[in-house]
Amino acid sequence: MTKTAAIIGGGVIGGGWLARFVLNGWDVRVFDPDPEAARKIDAVLANARRALPMLYDTALPTEGSITFCDTIGDAVTGASWVQESVPERLEMKHAVYQEIAKSVDSAAIIGSSTSGFKPSELQDGMDCAAQLVVTHPFNPVYLLPLIELVPSAKNPTEIVDRAKTILASLGLFPLHVRKEIDAHIADRFLEAVWREGLWLINDGIATTEEIDNAIRYGFGLRWAQMGLFETYRIAGGEAGMKHFIAQFGPCLKWPWTKLMDVPELTDELVNTIGAQSDDQADGKSIRELERLRDDNLVAMMRALKGQDSAAGALINTHEKSFRPTIDSNVSAPVITANRIVPVDWTDYNGHMNESRYGQVFSDAADMMMSAVGADETYIANGNSFFTVDIHIQFIKETHAGDTISVQSQLLEARGKKLRLHHRMLAADGTLLATGEQLLIHVSLETRRACEPQPELAANLATMAAAHAALPDPKQTRG
Ligand SMILES: NC(=O)C1=CN([C@@H]2O[C@H](COP(=O)(O)OP(=O)(O)OC[C@H]3O[C@@H](n4cnc5c(N)ncnc54)[C@H](O)[C@@H]3O)[C@@H](O)[C@H]2O)C=CC1
Ligand SMILES: C[N+](C)(C)CC(=O)CC(=O)[O-]
């Protein structure tokens with residue numbers, strides 16, 4: 001059944017939420033009084049449509065619909081999730097909640113994107129306070145998975161648990177902030193780091209670019225995969241965290257940081273920061289910077305996906321929830337891939353690198369193996385297939401963001417030998433490449449060829465019989 005979300009406020013953050021819901025198959029109803037809202041949302045959605053699907057090795061669910069509404073009441077009616085992302089002003093948020101409360105379903109969850117308000121401040125005077133929690137996202141919401149989920153004492157556990165389940169189903173990482181506090185967890189860090197950055201500029205120590213270099217060439221990379229404490233545990237050497245604290249704890253009392261002092265944001269300081277930031281951007285527009293940011297985030301998150309670590313492990317788990325299953329009894333070629341070409345698969349020629357064709361066909365073979373029962377369990381029990389030969393024909397170029405699919409056909413399954421033929425197609429059916437693979441069934445213990453287990457042999461025979469009736473794929477082009 002299609003689920004419906006209401007997006008109240010469709011700016012930078014509301015637009016990102018909208019994209020996250022729509023690209024995960026939810027219908028969305030939006031209210032934003034800005035006459036430019038639809039145009040701005042389209043721009044965010046275009047970025048999201050390009051970037052989010054690249055994180056996954058299979059197609060996302062079919063997109064949901066988007067409806068622009070004239071009132072808050074119209075937008076929230078029938079929605080099971082309402083996401084408020086109006087400007088960070090308490091009186092404005094309260095006025096919006098009054099309107100939401102008039103029409104919202106009593107079972108709906110209302111999430112606020114607030115960066116700093118505590119849920120109890122937001123719930124103050126609200127009729128359906130028990131339904132509202134803070135769900136604080138990070139920009140770009142369509143790519144970054146963290147959501148700080150902050151309930152107050154007014155929220156029943158059921159709401160918090162259901163919010164966690166829904167957020168996880170969108171590929172998000174709900175971090176339950178158990179005690180409400182101004183600015184939750186992450187923005188307290190960001191603000192401390194930002195404050196220090198402002199001081200370093202104010203005091204003429206560093207420019208915006210030098211500060212960004214200090215982050216992106218060093219600790220920013222560490223933080224992205226391990227965070228603060230685990231990184232410092234390692235920095236303590238074999239003696240670990242306690243040794244690290246013994247060594248560096250005393251520095252905390254030295255005047256390394258300015259702590260709560262804030263430099264006065266005089267015109268002079270703001271102009272200095274603005275000018276340095278303009279220099280640093282080197283003529284790139286915000287849209288160009290967004291694209292660079294998104295491509296880099298996709299590439300980094302895909303690297304973590306390969307390691308099944310941190311944000312990458314989350315993507316792998318989410319992907320399992322919508323990965324299609326394969327029916328091995330089909331008398332048509334099996335669809336073994338349906339995906340987007342990610343940005344990290346392209347090379348200096350501006351197209352998908354040849355090595356990735358091999359990867360696509362290798363993944364397709366994995367899907368065929370799993371379709372006939374040579375799945376994770378079969379492999380864990382000590383048997384598998386090794387590829388001993390592959391012939392690839394590169395027929396047409398393909399580029400980052402293109403949709404590709406693969407049709408696989410079983411050409412021969414005889415004893416230890418398995419021969420597959422794959423056709424890689426563009427979204428319009430154009431043939432992009434073909435791959436023919438010879439695989440040999442092996443024992444993972446002896447690392448030598450051996451006969452498949454009887455059940456697998458029977459499944460292979462069934463598929464081979466069905467596929468024998470298909471036209472010879474080597475004769476079919478385009
Ligand atoms: N920009 C950021 O980096 C982040 C912002 N947030 C939070 O998200 C919320 C929204 O911030 P942004 O998207 O950055 O602001 P924004 O200014 O980009 O968007 C706010 C949108 O709300 C609309 N709006 C104004 N009054 C409205 C009303 N009565 N009903 C419906 N829509 C209304 C505006 O037309 C605008 O499109 C704030 O609470 C902010 O603290 C959270 C995480 C990051
Ligand atoms: C600057 N900010 C407080 C609005 C930042 C956030 O709330 C989170 C983010 O995306 O950095």
Side-chain angles (χ1 to χ4, degrees), residues 5-20 28-45 47-48 67-76 79 82-104 110-119 121-122 132-150 167 172-175 177 181-195 197-198 212 215 220 223-224 262 265 273 277 286 289-290 293-294 297 311:
I7 297 293
I8 308 302
V12 173
I13 293 304
W17 274 106
L18 176 143
R20 182 59 88 164
V28 165
R29 300 175 64 80
V30 200
F31 172 74
D32 190 311
D34 180 358
E36 290 284 290
R39 184 189 58 75
K40 292 183 188 166
I41 284 172
D42 262 3
V44 178
L45 198 52
N47 281 349
T67 309
F68 286 88
C69 301
D70 292 334
T71 62
I72 289 180
D74 196 8
V76 304
V82 177
Q83 186 64 36
E84 169 275 303
S85 308
V86 303
E88 189 77 345
R89 297 216 303 275
L90 193 53
E91 72 291 353
M92 181 183 284
K93 290 193 187 275
H94 280 157
V96 163
Y97 300 151
Q98 294 274 329
E99 287 305 306
I100 292 176
K102 287 181 196 162
S103 309
V104 73
I110 307 167
S112 170
S113 300
T114 180
S115 297
F117 294 120
K118 298 196 281 276
E121 290 174 283
L122 301 176
L132 181 133
V133 284
V134 166
T135 45
H136 176 232
F138 290 79
N139 191 35
V141 185
Y142 51 82
L143 279 183
L144 295 187
L146 179 63
I147 300 294
E148 293 180 304
L149 172 63
V150 200
L167 292 167
L172 294 164
F173 181 83
L175 177 66
V177 181
I181 182 171
D182 295 311
H184 329 308
I185 297 174
D187 274 355
R188 301 179 76 88
F189 280 107
L190 290 180
E191 187 126 325
V193 172
W194 190 37
R195 201 180 289 123
L198 294 177
D212 285 350
I215 296 171
W223 281 6
V262 183
L265 292 172
I273 297 172
S277 179
I286 293 291
L289 288 171
E290 278 174 350
R293 173 201 65 190
D294 288 1
L297 283 173

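All ligand and atom numbering here is 1-based and tracks the order in the structure.
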(message) Heavy-atom distances under 4.0 Å decide this one: backbone, side chain, both or neither, for F138 against ligand 1?
(response) neither
(message) Rounded at 0.5 Å granularity, tell me how far CZ in R89 sits from NE2 in H94.
(response) 13.5 Å
Which residue and atom name correspond to the protein heavy atom nearest [atom], and how close is it?
{"atom": "atom 20 (C) of ligand 1", "answer": "S85 O, 3.6 Å"}
{"atom": "atom 43 (C) of ligand 1", "answer": "P137 O, 3.3 Å"}
{"atom": "atom 19 (O) of ligand 1", "answer": "G11 CA, 3.3 Å"}
{"atom": "atom 22 (O) of ligand 1", "answer": "P87 CD, 3.5 Å"}
{"atom": "atom 11 (O) of ligand 2", "answer": "L190 CD1, 3.5 Å"}

Could you tell me whether some N/O pair between [X] and ligand 1 is separated by less than 3.5 angstrom?
{"X": "E84", "answer": "no"}
{"X": "V12", "answer": "yes"}
{"X": "H136", "answer": "no"}
{"X": "D32", "answer": "yes"}

(message) Check whether E88 reaches the backbone of S115 with its side chain - one donor and one acceptor, N or O, closer than 3.5 Å.
(response)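 The answer is yes, because a donor-acceptor pair under 3.5 Å joins these two groups.
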(message) For atom 1 (C) of ligand 2, is there a protein heavy atom at a distance under 4.0 Å?
(response) no
(request) Could you pull out, from N139, D187, L146, the option with a heavy atom nearest to atom 8 (C) of ligand 2? (result) D187
(request) Write out all pairs satisfying side chain to side chain donor-acceptor pair (under 3.5 Å) with one or both partners inside residues 5-14, taking only residues at least two apart or from two chains. (result) none
(request) Go through ligand 2 atom by atom and flag the ones less than 4.0 Å from a non-hydrogen atom of S115. (result) 3 (C), 4 (C), 6 (C), 7 (O)
Check: residues 187-194 side-chain donor-acceptor pairs under 3.5 Å, at least two apart:
residue, atom, partner, partner atom, Å
D187, OD2, H136, NE2, 3.3
R188, NH1, D182, O, 2.5

(message) For E88, state whether at least one heavy atom is located under 4.0 Å from any atom of ligand 2.
(response)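 Heavy atoms of E88 never come under 4.0 Å of ligand 2.
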